[in-house]
Amino acid sequence: MKLLRHLASTLLLACLPLAAAAQANGFPDKPIRIVVPFPPGGATDAAARLVAVKMGEHWGQPVVVDNRAGAGGNVGSDLVAKAPADGYTLVMGVTGSHAINTSLYSRMPYDPVADFVAISQVAVVPNVLVVHPSVPAKNLAELVALAKKEPGKLNYASLGNGTAAHLGMEMLKSEAGVDITHVPYKGSAPAVSDLLAGQVQMMVDGLPSALPHVKAGKLRAIALTSLHRAPSLPGLPTIAETYPGFYADAWSGLFAPRGTPQPVVDKLSAEVQRILKQPDVREKLMALGAEPVGSTQAEFTAHVKREIDKWAKVVKTSGAKVD
């Protein structure tokens, strides 16, 4: 009897990979949902819709985008973390929802690593440090010198507590050893409005949002938070050129619930990579100011873990909290 039970157990284990492969071969056979944990209209939403359209066309199944905003991306991400692990419910996670928030919030409804499997990084949106023209600094060295000369007198706007824009400036303050006062706003529009009016002196903002004001001479670009220079401003240096390794851009990528069969994950990852190689998709993303990525699952998993560790240090140093 024991031998029969052992043989049955062995046979069951041997059949599991075959069952998973068969499930992947038939995937998808019903609509897929991509949850965007933010309101419609932003860069993350636009990227998700581009991917959804191409995925639906290729697989012949509807791929719908479902906007579930709230708590800095936590609401929509938690919904997917608790969804069936079958590949039919995905989330377009971002820097906040899958890297920053785990250190920023005292209570998290999910674990960005333990509760998800990374599929592929979709895009990166470069951030840029800009100042009001009244600030007598033309480059990063001059801005740091000014801040050291007048500690606490300069201030910077952010899109809100705990955002990449806020913590990117806090990272710079730590690297440069300067004291610049944080003025948080509820979103980009009011922050940029006060910066243009000279009510605040500087901020880190998305390059697509800041670029028109820079070209119009209403703001002065100081440096990019990317690891490399941007084609739209080729003469503008990166902060990393002064402080090696500095990186504070906003990224997005697809995740599935933990437990999703590996063959299904492999199929999803390959599809996203295929989509992001298409010239029309790349052109549309770059028109939004986003740089297409299309990483492998292993590459994206490693990137997320690095980002969690990096931002945890920044959150701890800055003392930032959101509850």
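Note on R258 versus D115: no salt bridge recorded, every NZ/NE/NH1/NH2 to OD/OE distance being 4.0 Å or above.
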Got a list of side-chain donor-acceptor pairs under 3.5 Å for residues 192-200, not counting sequence neighbours?
{"from": "D194", "atom 1": "OD2", "to": "Y185", "atom 2": "OH", "distance (Å)": "2.7"}

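Residues L90 and V117 fall into different hydrophobic clusters, defined by Ile, Leu, Val, Met, Phe, Trp and Tyr side chains chained together at heavy-atom separations under 4.5 Å. Both W251 and I308 are part of a single hydrophobic cluster, where members link through side-chain heavy atoms under 4.5 Å apart.
One side chain, Y156 or E170, offers a donor N or O that lies under 3.5 Å from an acceptor on the other. A donor-acceptor contact closer than 3.5 angstrom is absent between the side chains of H228 and S226. There is a side-chain donor-acceptor pair under 3.5 Å between H182 and S158. Checked by atom type, the side-chain pair Y247/N127 shows no donor-acceptor distance below 3.5 Å. Donor-acceptor pairing under 3.5 Å is recorded for the side chains of S209 and D205.
Shown here is K313, whose NZ atom has no more than 12 heavy atoms of other residues, nucleotides or ligands within 6.0 Å. The number of heavy atoms from other shown groups lying within 6.0 Å of NZ (K310) is above 12.
The structure places CE of M171 at 13.5 Å from OH of Y243, a figure rounded to the nearest 0.5 Å. Note: L285 CG to D280 CG = 9.5 Å, rounded to the nearest 0.5 Å. I275 CD1 to E271 CD: the interatomic distance, rounded to the nearest 0.5 Å, is 4.0 Å. For the atom pair CD1 of I119 and CZ of F300, the computed distance is 9.0 Å after rounding to the nearest 0.5 Å.
Nearest approach of A123 to A290, heavy atoms of both residues: CB-CB, 4.1 Å.
Legend: residues meeting side chain to side chain donor-acceptor pair (under 3.5 Å) with S269, ordered by chain and number and at least two apart, are Q273.
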Inset, instruction - Take D309 and K305 through the test salt bridge (Lys or Arg N to Asp or Glu O under 4.0 Å) and record every step on the way to the result. - result: CA-CA 6 Å; D309 291 343; K305 290 179 179 178; over 6 Å; no
Inset, instruction - Carefully, step by step, assess V51 and V122 under the rule side chain to side chain contact (heavy atoms under 4.5 Å, CB included). - result: CA-CA 9 Å; V51 170; V122 171; 4.3 Å; yes
